[in-house]
Amino acid sequence: MPELPEVETIRKTLAPYLPGKEITGVEPRLAKAFRPDPETFAREVTGRRITGLSRRGKYLILSLDSGKRVAFHLRMSGRLLYSENPSPPPKHTTLILRFKGGEELLMEDPRKFGTVHLFTGKNLPPGLAALGPEATEKKEALANLRAAGERRKAPVKTILLDQTVLAGLGNIYTDEALFLAGIDPSRPVNQLSPDEWEKLYTAIRRVLTEGLAHRGTSQRDYVDGKGEPGTHQEYLRVYGRRGKPCPVCGQPVSYKRVAGRGTHYCRFCQQ
DNA sequence: TGCACCCTGAGC
DNA sequence: GCTCAGGGTGCA
Ligand SMILES: [Zn+2]
């Protein structure tokens, strides 16, 4: 699933190509993915030039010369693929953008959960407007985590996945960070000590930095903007390793459901 | 505040 | 042939 390191890797791989491109063709193929409707989207985007490419949380954002912006959210199985020699689109294609030189940007999404938003500067999509600070921004992110720790009593994993608290973590990096910090994912957040918050944030930074260095985790569907997989799946400590030995103590990695998500952790190393 | 729901392919 | 995976939204 694309989380912060994956979306950022997609952004980096598209950055050399998209800015400056003129969009000559817009083909929405999955109507329900578009906010607003696909007809408005096609009308507003056709003929525009891409002026910028950025990321906020798990959203990838294109700026257009009209002043409008397009945000993509890939959810679990979405891919954004740039090609200079387009071939016939895959079965589950949400959108095709065609450029003046014959290149294209394609959004593929077998599970069809991904969304495409068209918006203006003041009128952000609700999910984008509500995002907390980037998980990589230490001062703001840590302050928000601590504030949540004071007024909430949900499991710590629930808070890490809450994009209004900090933006960018998903199920994989959350499990990995909690393991590195030695904290049980179901611990109520109001029970964490100041020392544990510091440790947890350090672990979050570490797993995100590693994920970025490895160009993302290709556990299931993820590839970057050029179709290349990342390698961080080879470095995961607990996620997807149920029953396999804990890298620290050697006991089998445990699995349970926390915050409605499959959760991997070590019963012996995490309290 | 927490959970069902959306959806399909992979894996049993 | 069935179950499961998952992020954000909408609704209780
Ligand atoms: Zn262990």
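A note on names: the letters A, B, ... follow the listed sequences, proteins ahead of strands, and every chain is numbered from 1. Computation of the quantities below employed the complete heavy-atom set of this structure, encompassing side-chain atoms and omitting hydrogens, waters and symmetry-equivalent molecules.
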Has A/Tyr173 got a side-chain N or O lying under 4.0 Å from the OP1 or OP2 atom of C/dG7?
no
Please table the atom pairs, donor to acceptor, closer than 3.5 Å between any side-chain atom in residues 142-157 of chain A and protein atoms at least two apart or in another chain.
from, atom 1, to, atom 2, distance (Å)
A/Asn144, ND2, A/Val165, O, 2.8
A/Arg146, NH2, A/Glu198, OE1, 3.3
A/Arg152, NH1, A/Asp162, OD2, 2.9
A/Lys157, NZ, A/Asn171, OD1, 2.6
A/Lys157, NZ, A/Asp175, OD1, 2.7
A/Lys157, NZ, A/Gly262, O, 3.4
A/Lys157, NZ, A/Thr263, OG1, 2.8

When rounded to whole Å, the CG to P distance for the pair A/Leu30 and B/dC7 reads 9 Å
From the candidates C/dT9, B/dT8, C/dG7, the one with an atom nearest any side-chain atom of A/Arg111 is B/dT8
With the side chain defined as heavy atoms from C-beta on, A/Arg261 is closest, among B/dG2, C/dG8, B/dT8, to C/dG8
Would A/His117 and A/Thr115 count as having a side-chain donor-acceptor pair, cut-off 3.5 Å?
yes
| said: Under 4.0 Å, counting only non-hydrogen atoms across every strand here, what does A/Tyr222 touch: a base, just sugar-phosphate, or nothing? | reply: nothing
Atom CD of A/Gln233 and atom P of B/dA10 are separated, to the nearest Å, by 17 Å
note: A/Leu128, atom CG; C/dG8, atom C1'; distance rounded to Å ~ 13 Å
With the side chain defined as heavy atoms from C-beta on, A/His92 is closest, among C/dG8, B/dT8, C/dA5, to B/dT8
Separation of B/dG11 atom P from A/Arg242 atom CZ, nearest Å, is 14 Å
Considering only heavy side-chain atoms of A/Tyr59, the closest of C/dT9, B/dG9, B/dT1 is C/dT9
Would A/Arg237 pass as a cation-pi partner of A/Phe179, given that its NZ or CZ must be under 6.0 Å from the six-membered ring centre and within 45 degrees of the axis?
no
Whole-Å distance, A/Arg257 CZ to C/dC4 C1', equals 8 Å
Practice prompt. Using only side-chain N and O atoms of A/Gln163, determine if any of them is under 4.0 Å from OP1 or OP2 of C/dG8.
Written response: yes
- Message: Under 4.0 Å from OP1 or OP2 of C/dG8: is there any side-chain N or O of A/Lys58 that close?
- Response: yes
Judged by nearest nucleotide, the residue sitting upstream toward the 5' end of DNA chain C, A/Gly262 or A/Gly127, is A/Gly262
Legend entry - A/Asp109-A/Ser77 side chain donor-acceptor pair, cut-off 3.5 Å: yes
Q) When we call it a touch if two heavy atoms are under 4.0 Å apart, what does A/Phe72 touch: a base, just sugar-phosphate, or nothing? A) nothing
Contact class for A/Gly260 (heavy atom, under 4.0 Å): base, sugar-phosphate, or nothing?
nothing
Atom CE of A/Met1 and atom P of B/dC6 are separated, to the nearest Å, by 21 Å
Check: So A/Thr217 and A/Tyr173, side-chain contact (heavy atoms from CB on, under 4.5 Å) or not? Walk me through it.
Finding: CA-CA 9 Å; A/Thr217 303; A/Tyr173 293 95; 2.8 Å; yes
Less than 4.0 angstrom from a charged side-chain N to a carboxylate O is my criterion; do A/Arg11 and A/Glu8 meet it? yes
**Asked** With sugar-phosphate meaning primed atoms plus P, OP1 and OP2, does A/Lys91 contact a base, only sugar-phosphate, or nothing at under 4.0 Å between heavy atoms?
**Response** sugar-phosphate
Between CZ of A/Phe113 and P of B/dC7 the distance, given in whole Å, is 7 Å
In whole angstroms, the gap separating P of C/dG6 from CD of A/Glu6 amounts to 14 Å
* Asked: Hey, does the side-chain of A/Arg75 have a donor or acceptor N/O within less than 3.5 Å of a partner on the base of C/dG8?
  -> no
